[in-house]
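Working notes, beginning with the structure itself.
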Number of protein chains: 2
Amino acid sequence: MPRSGKGGRYHHGDLRAALIETAIAIIGERGVRGFSMAEATRRLGVAVSAPYAHFADRDDLLAAVAVQACELLYAELWPPGEATQPPAERLASMARGYVRFAAAHRPLFDLLYEAGLDKKQHPEIEAAERPIADAFSACVLALSDADEAAADDLATAVEATAHGLVTLLLDGDHDGTTVGQVAERAARVTRALVASRHLLGSP
Amino acid sequence: MPRSGKGGRYHHGDLRAALIETAIAIIGERGVRGFSMAEATRRLGVAVSAPYAHFADRDDLLAAVAVQACELLYAELWPPGEATQPPAERLASMARGYVRFAAAHRPLFDLLYEAGLDKKQHPEIEAAERPIADAFSACVLALSDADEAAADDLATAVEATAHGLVTLLLDGDHDGTTVGQVAERAARVTRALVASRHLLGSP
DNA sequence: GTCTATATCCCGATAGAC
DNA sequence: GTCTATCGGGATATAGAC
């Protein structure tokens, strides 16, 4: 950690990036609600006012972290080279990836679903989420013979299941179950939903 | 609201209950993280120190609210007279009830899954959750020919799906979908999972 | 059981110097 | 772009009177 001595001027190479990194660390330790600008500046050894040269306010910094979270999630869901698999297996693979991402980057996962960020005021987040939804739609449409209503039913079911499994895992209901086991479970449930997708539609 | 005048002594009929009620209201408006003891006392017109005659600290009050939430959820999942339905329908019915509860009592639902309460330090909460898990197990075991592993697979899948659907609904991905529609969706996904439950087991 | 008063701490954000 | 200094606010929790 570069410091130019007590009280001296301090120039970080890239304070903006350092703030995002530190925010992730703090969120990991104390949760989103436990994050504060003050704590971040303390850890970096900069003045409390320094972040405001890079971010308008606390939410603006959290939004930047959220964007990074989306990019990482997308990379985990859609690894290069998987595009050749059949849609059902890609879907199961995405469910696995979702679980793995949440477990490996819990602070980021929590931020996305627990931060209460106003996405209307942070369109960057919506833009970063778009590719994820698109990757999903591609798989699901292929399994529904381009029937959009059926595709939506299946997509919602798979998304909800993966999300729900992760939540239950992270909230401590894991009686010794490992991340890998939960990921496999998500994949199996996804296959089961695909198999009985004809039951998912409205009557 | 009974007040004995500005500055005068104030005796609420049941401050403990009033605090729980007010906490629910505040959580509903500002979320769990937006709740504070100070705000609660302000709304009730009592001194900031008054709650400490009934609760050790902020978490202790939130734990009491969580217990009440569990009782309400249990009542919604297990309405009297439904015990006679076949297990699959009871299960679908519970999924519906879960969605309805979350939508109707969002502050309480959020508290249960977002509060980060240390359940080890609040065994009352675990005790209040027990009946819910038990009601669930009863349905699922009947559908699995008493195969405990299979029962656990199905239970986890159904729980996760209902939970995930609710989360997606509450987090704003409802493009005009109503609570009733999501509840029906949860019921249908549950039936689909029951139908393909043979796919849920580990290989 | 409730009040008044207070101690202690943390936070977000800004102004102005350099 | 970063620092120093500061304002204004809100939080939890305790002590002691009644």
Side-chain angles (χ1 to χ4, degrees), chain A residues 1-23 25-27 29-65 111 115-118 121-122, chain B residues 1-23 25-27 29-65 111 115-118 121-122:
Chain A
M1 288 280 177
R3 265 319 267 284
S4 62
K6 173 199 162 195
R9 292 301 154 86
Y10 167 86
H11 279 240
H12 197 285
D14 188 350
L15 181 56
R16 191 191 143 89
L19 281 167
I20 292 177
E21 190 182 343
T22 304
I26 296 175
I27 293 169
E29 294 169 24
R30 314 206 204 176
V32 178
R33 66 176 293 181
F35 166 79
S36 74
M37 297 291 239
E39 172 70 12
T41 60
R42 238 174 280 134
R43 294 199 185 189
L44 287 171
V46 299
V48 291
S49 61
Y52 295 93
H54 303 275
F55 301 100
D57 53 28
R58 179 180 183 273
D59 274 4
D60 200 42
L61 169 51
L62 288 180
V65 177
L111 178 64
L117 288 175
D118 195 350
Q121 291 198 333
H122 296 277
Chain B
M1 287 278 180
R3 270 309 275 284
S4 61
K6 175 200 162 196
R9 294 302 157 83
Y10 167 85
H11 280 239
H12 196 287
D14 188 349
L15 181 57
R16 191 192 144 91
L19 280 167
I20 293 178
E21 190 182 343
T22 304
I26 295 175
I27 293 170
E29 293 168 26
R30 313 208 204 174
V32 177
R33 67 179 290 179
F35 167 78
S36 74
M37 296 291 240
E39 172 71 12
T41 60
R42 242 175 276 133
R43 294 200 185 189
L44 287 171
V46 299
V48 290
S49 62
Y52 297 92
H54 302 274
F55 300 100
D57 53 29
R58 180 181 183 271
D59 274 4
D60 200 40
L61 169 51
L62 288 179
V65 178
L111 177 65
L117 287 174
D118 194 350
Q121 290 198 334
H122 295 278

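Sequence lines set the chain letters: A, B, ... in the order given, protein chains first and strands last, and positions in each chain run from 1.
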ask   = When you look for runs of 3 or more Watson-Crick or G-U pairs in a row, both distances below 3.5 Å, which of them include DNA chain D?
value =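 C:1-18 with D:1-18 - these are the stems of 3 or more pairs that involve DNA chain D.
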query = For the base of C:dT2, is there a side-chain donor-acceptor partner from B:S49 under 3.5 Å away?
reply =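 Flag unset: no donor-acceptor pair detected.
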ask   = Distance-only, no hydrogens or angles: does the A:R58 side chain make a donor-acceptor pair with backbone N or O of A:F35 under 3.5 Å?
value =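 Here the side-chain-to-backbone pair exists.
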Between [options], which nucleotide has the shortest distance from any of its atoms to the side chain of [X]?
| X | options | result |
| --- | --- | --- |
| A:S36 | D:dT12, D:dT14, C:dG12 | C:dG12 |
| B:E39 | C:dA13, D:dT4, D:dA11 | D:dA11 |
| B:V48 | C:dA13, C:dA5, D:dC3 | C:dA5 |

Nucleotide [N], atom [atom2] - distance to [atom1] of [X] in whole Å:
| X | N | atom1 | atom2 | value |
| --- | --- | --- | --- | --- |
| A:L19 | D:dG1 | CG | C1' | 12 Å |
| A:I26 | C:dG12 | CD1 | P | 10 Å |
| A:D59 | C:dC11 | CG | P | 16 Å |
| A:Y52 | D:dT2 | OH | P | 15 Å |
| A:R30 | C:dC10 | CZ | P | 10 Å |
| B:H54 | D:dA13 | NE2 | P | 16 Å |
| A:F55 | C:dA13 | CZ | C1' | 16 Å |
| A:M37 | C:dT14 | CE | P | 10 Å |

request  = Take atom CD of B:E21 as the centre, draw a 6.0 Å sphere, and report whether it contains more than 12 heavy atoms from other residues, nucleotides or ligands.
outcome  =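 Counting other residues, nucleotides and ligands, CD of B:E21 stays at 12 neighbours or fewer.
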query = For B:I20 and B:A64, which heavy atoms make the closest approach, and how far apart are they?
reply =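 Closest pair (atom of B:I20, atom of B:A64, distance): CD1-CB, 3.9 Å.
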message = So which atom in B:L19 and which in B:A40 form the shortest heavy-atom distance, rounded to 0.1 Å?
response =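 Closest heavy-atom pair between B:L19 and B:A40: CD2-CB, 4.3 Å.
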Would you classify [X] as touching base, sugar-phosphate or nothing, given that sugar-phosphate means primed atoms plus P, OP1 and OP2, and contacts are heavy atoms under 4.0 Å?
| X | result |
| --- | --- |
| A:A50 | sugar-phosphate |
| A:R42 | sugar-phosphate |
| A:A38 | sugar-phosphate |

query = Is the shortest heavy-atom distance from the side chain of B:D60 to the side chain of B:H122 under 4.5 Å?
reply =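 Heavy-atom side-chain distance check passes, below 4.5 Å.
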request  = Answer whether the closest heavy-atom distance between the side chains of A:D59 and A:L62 falls below 4.5 Å.
outcome  =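 Sidechains of A:L62 and A:D59: in contact.
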inquiry  = B:R43 vs B:E29, test: salt bridge (charged side-chain N to carboxylate O under 4.0 Å, His left out). Steps then yes/no.
reply    = CA-CA 13 Å; B:R43 294 200 185 189; B:E29 293 168 26; 2.8 Å; yes
